[in-house]
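Okay, structure first, notes after.
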Amino acid sequence: MSDVESHLQQLSRGVEAIYSLEELRKKLQSGKALRIKLGMDPTAPDIHLGHSVVLRKLRQFQDLGHTAVLIIGDYTARIGDPTGRDTTRPVLDEAAILRNARTYLEQAGRVLDTSPGKIEVRHNSEWLSKLSFADVLRLTGMVTVQQMLHRENFKLRMEQQREIVLSEFMYPIMQAYDSVVIKSDVELGGTDQTFNNLMGRELMSKHDMAKQVVMVMPILVGLDGHEKMSKSKGNYVAVTEPPAEMFGKIMSIPDALMSNYFQLLTALPPERITSILDSSQTHPRDAKDILGRVIVEEFHGREGAELASAEFRRRFSQGGGGLPTDLETKVVPALAQGAMGMLDLICAVGFATSKSDARRLVEQGGVTLDDQKITDPKATVSVAGEGILRVGKRRVCKIKAS
RNA sequence: GGGCGCGUACCGAAGUGGCCAAACGGGGCAGACUGUAAAUCUGCUGGCUUAACGCCUCCGUAGGUUCGAAUCCUACCGCGCCCA
């Protein structure tokens with residue numbers, strides 16, 4: 001297989017759609033370093049595995065010698081979005097945008113290759129702020145209302161007779177114009193960006209330029225196995241999380257989700273994935289362990305992944321009970337004054353939000369002190385030196401009087 | 001400008017004068033079990049406490065009617081839809 005064909009195969013992996021494969025092939029055949037565009041919205045700086053799907057694809061391109069062009073949508077963010085609902089975009093000030101962009105880059109850098117020459121970071125205010133009204137009219141003259149109304153989101157709202165603010169039509173045009181300016185060869189995005197990215201092709205061809213290829217990646221399902229991974233749903237794994245936390249969260253996904261995660265979040269060869277997912281060859285628990293380690297390894301290295309896996313086994317498998325390696329010590333000064341109520345102690349270390357809450361935990365048998373189960377809510381404790389307090393499976397700490 | 005609706009705990013959603021700390025579902029937490037923080041099953045899910053069928057706070061906000069209000073009235077705030 002030629003290089004081009006093998007690259008094409010790698011790059012197509014896990015992709016939802018390519019517009020079009022043939023054009024991508026031609027671009028790869030040219031032998032040039034391609035410019036791969038990815039737009040980012042400077043409002044949500046908490047990057048999670050869902051974002052990493054697209055970022056990993058971008059990284060793949062980088063590794064094959066192409067250039068990542070990251071567009072920070074600062075102009076758009078500054079103007080905000082009048083529509084309130086479907087596409088809430090809060091208005092941000094300059095400082096916030098800069099801050100968000102910086103944390104975004106810091107986090108995206110855990111996936112991307114940020115060495116010089118591999119990545120180009122641009123703010124779209126650079127060119128958008130210079131457009132005159134006449135320029136804007138010229139751009140809007142290149143797109144028809146009918147094209148706009150084809151977009152799913154708009155179509156739906158037309159049918160439901162819900163408002164569409166005129167300026168909303170401008171967002172796809174602005175993004176598309178970004179592509180014209182930076183002369184992208186390929187634009188990446190999630191499937192939700194399909195329309196906007198295709199608009200880039202449209203606008204580029206109106207400018208007599210080579211059209212960008214659009215590749216859209218599937219939206220990653222969150223830890224709950226149903227809804228898309230997002231911060232607001234709380235069903236996410238942030239790229240900045242410590243190894244043990246990452247690993248544990250991955251172990252908590254429904255078994256049925258494993259295949260999807262292997263496909264979108266790892267680079268394991270397809271045959272390998274098939275054999276891992278075949279329960280007659282690999283125990284499902286081990287399959288998930290592999291998944292967890294491969295993902296954690298990407299962010300914390302081989303050693304971090306192994307440690308996280310080992311710790312998980314120690315703490316939770318076969319009854320568990322092991323202590324975490326980074327066992328936290330909490331000082332409870334009140335203990336120095338003699339016996340203190342169990343419930344107060346639980347609240348004092350922050351394992352319960354109220355005494356009623358603490359009482360429930362005790363009554364349900366979820367609390368142990370030095371491996372002694374406490375079942376009486378009225379119990380008092382006096383810890384001479386220090387003790388190990390557990391609440392449920394996951395909350396453990398060492399307590400000291402001073 | 002006119003008309004009509006809606007606002008209940010983390011979320012969704014019942015409840016239209018006392019039996020309401022408020023059904024039910026989701027989520028969360030705990031327990032059992034296990035192959036894991038999976039699945040399944042069970043319990044809990046406003047707060048305080050001398051732990052009691054005690055007290056306090058609570059159904060957008062502020063008043064009012066009533067022996068008694070999430071439920072009725074008034075004003076206000078917020079949200080939505082329709083007409084102009």
Side-chain angles (χ1 to χ4, degrees), chain A residues 49 83-86 88 157-165 221-238 241-262 276-296 305 308-324 340-344 346-369 371 373-380 389-396:
Chain A
L49 293 182
T83 54
R85 262 220 315 262
D86 259 65
T88 306
R157 284 198 278 163
M158 284 295 277
E159 281 162 11
Q160 297 175 343
Q161 309 210 326
R162 286 171 40 210
E163 76 170 11
I164 300 172
V165 173
V221 174
L223 300 176
D224 58 294
H226 300 289
E227 306 208 66
K228 78 168 191 176
M229 184 175 282
S230 78
K231 192 181 180 184
S232 56
K233 295 258 164 39
N235 59 357
Y236 73 111
V237 182
E241 287 183 52
E245 197 68 16
M246 256 188 190
F247 188 86
K249 283 188 176 179
I250 290 158
M251 289 304 277
S252 82
I253 64 171
D255 288 359
L257 202 55
M258 283 199 279
S259 157
N260 188 245
Y261 274 34
F262 267 115
I276 291 173
L277 291 175
D278 178 351
S279 58
S280 67
Q281 290 183 62
T282 313
H283 193 290
R285 196 216 164 268
D286 296 331
K288 210 179 272 178
D289 178 75
I290 294 170
L291 177 67
R293 277 183 293 152
V294 171
I295 293 173
V296 173
S309 164
E311 173 163 334
F312 187 86
R313 211 173 281 266
R314 204 178 70 243
R315 290 189 63 190
F316 303 112
S317 296
Q318 278 122 39
L323 295 170
M340 113 183 250
M342 195 61 216
L343 302 182
D344 291 312
I346 296 170
C347 292
V349 297
F351 285 172
T353 53
S354 68
K355 291 181 80 169
S356 300
D357 190 16
R359 170 177 283 108
R360 276 177 224 122
L361 291 165
V362 169
E363 282 169 353
Q364 296 197 103
V367 177
T368 64
L369 181 64
D371 291 326
K373 186 173 273 196
I374 313 284
T375 47
D376 179 9
K378 279 184 286 190
T380 55
L389 177 70
R390 281 175 191 278
V391 174
K393 286 194 183 73
R394 297 171 56 193
R395 283 165 282 182
V396 202

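Naming: A, B, ... by sequence-line order, numbering from 1 per chain.
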Presence of A/R313 side-chain N/O under 4.0 Å of B/rG35 phosphate oxygens OP1/OP2: no
Short side-chain N/O contact to B/rU36 OP1/OP2 from A/S252, under 4.0 Å: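 Indeed not, no polar side-chain atom of A/S252 lies that close.
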5'-most by nearest nucleotide on RNA chain B - A/A244 or A/R395: A/R395
Which residue lies more 5' along RNA chain B, comparing A/V367 with A/P284 via nearest heavy atoms: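 First, find each residue's nearest nucleotide; the 5'-ward one identifies A/V367.
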Which residues share a side-chain hydrogen bond (donor to acceptor under 3.5 Å, both in side chains) with [X], sequence neighbours left out:
| X | answer |
| --- | --- |
| A/D289 | A/R293, A/S309 |
| A/E245 | none |
| A/R285 | A/S317 |
| A/S252 | none |

Hey, does [X] reach any base, or is it just sugar-phosphate, or nothing, if we go heavy atoms under 4.0 Å?
| X | answer |
| --- | --- |
| A/R390 | nothing |
| A/G392 | sugar-phosphate |
| A/P254 | sugar-phosphate |

Who pairs with [X] by side chain to side chain contact (heavy atoms under 4.5 Å, CB included), at least two apart in sequence or on another chain?
| X | answer |
| --- | --- |
| A/S356 | A/S354, A/R360 |
| A/A238 | A/D46, A/Y236, A/T240, A/E241 |
| A/E363 | A/R359, A/P377 |
| A/P284 | A/D255, A/S279 |

Polar-atom pairs under 3.5 Å, protein N or O versus N or O of nucleotides 48-50 of chain B: list them with distances, or write none.
| from | atom 1 | to | atom 2 | distance (Å) |
| --- | --- | --- | --- | --- |
| B/rC48 | OP1 | A/K355 | N | 2.8 |
| B/rC48 | OP2 | A/K355 | N | 3.3 |
| B/rC48 | OP2 | A/S356 | N | 2.7 |
| B/rC48 | OP2 | A/S356 | OG | 2.6 |
| B/rU49 | OP1 | A/K355 | NZ | 3.2 |
| B/rU49 | OP2 | A/K355 | NZ | 3.4 |
| B/rU49 | O4 | A/R359 | NH1 | 3.2 |

Of the nucleotides [options], which one has an atom closest to the side chain of [X]?
| X | options | result |
| --- | --- | --- |
| A/F312 | B/rU36, B/rC33, B/rC29 | B/rU36 |
| A/K373 | B/rG35, B/rA32, B/rC29 | B/rA32 |
| A/K249 | B/rU36, B/rC29, B/rA37 | B/rA37 |

Dump the pairs, protein N or O against N or O of nucleotides 22-27 of chain B, anything under 3.5 Å, distances to one decimal.
none

Validation row: A/I253, A/L291 side chains within 4.5 angstrom (heavy atoms): yes
Base B/rG35 to side chain A/D255, donor-acceptor N/O within 3.5 Å cut-off: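 Such a pair is found, so the answer is yes.
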Check: B/rA37 base within 3.5 Å donor-acceptor of A/R394 side chain: yes
Between the protein and nucleotides 41-43 of chain B, list every N/O to N/O distance that falls short of 3.5 Å.
| from | atom 1 | to | atom 2 | distance (Å) |
| --- | --- | --- | --- | --- |
| B/rG43 | N2 | A/Q364 | OE1 | 3.2 |
| B/rG43 | N2 | A/Q364 | NE2 | 3.1 |
| B/rG43 | N3 | A/Q364 | OE1 | 2.9 |

Counterpart residues, salt bridge (Lys or Arg N to Asp or Glu O under 4.0 Å), relative to A/D344 (two or more places apart):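 With neighbours one apart ignored, the set is A/K355.
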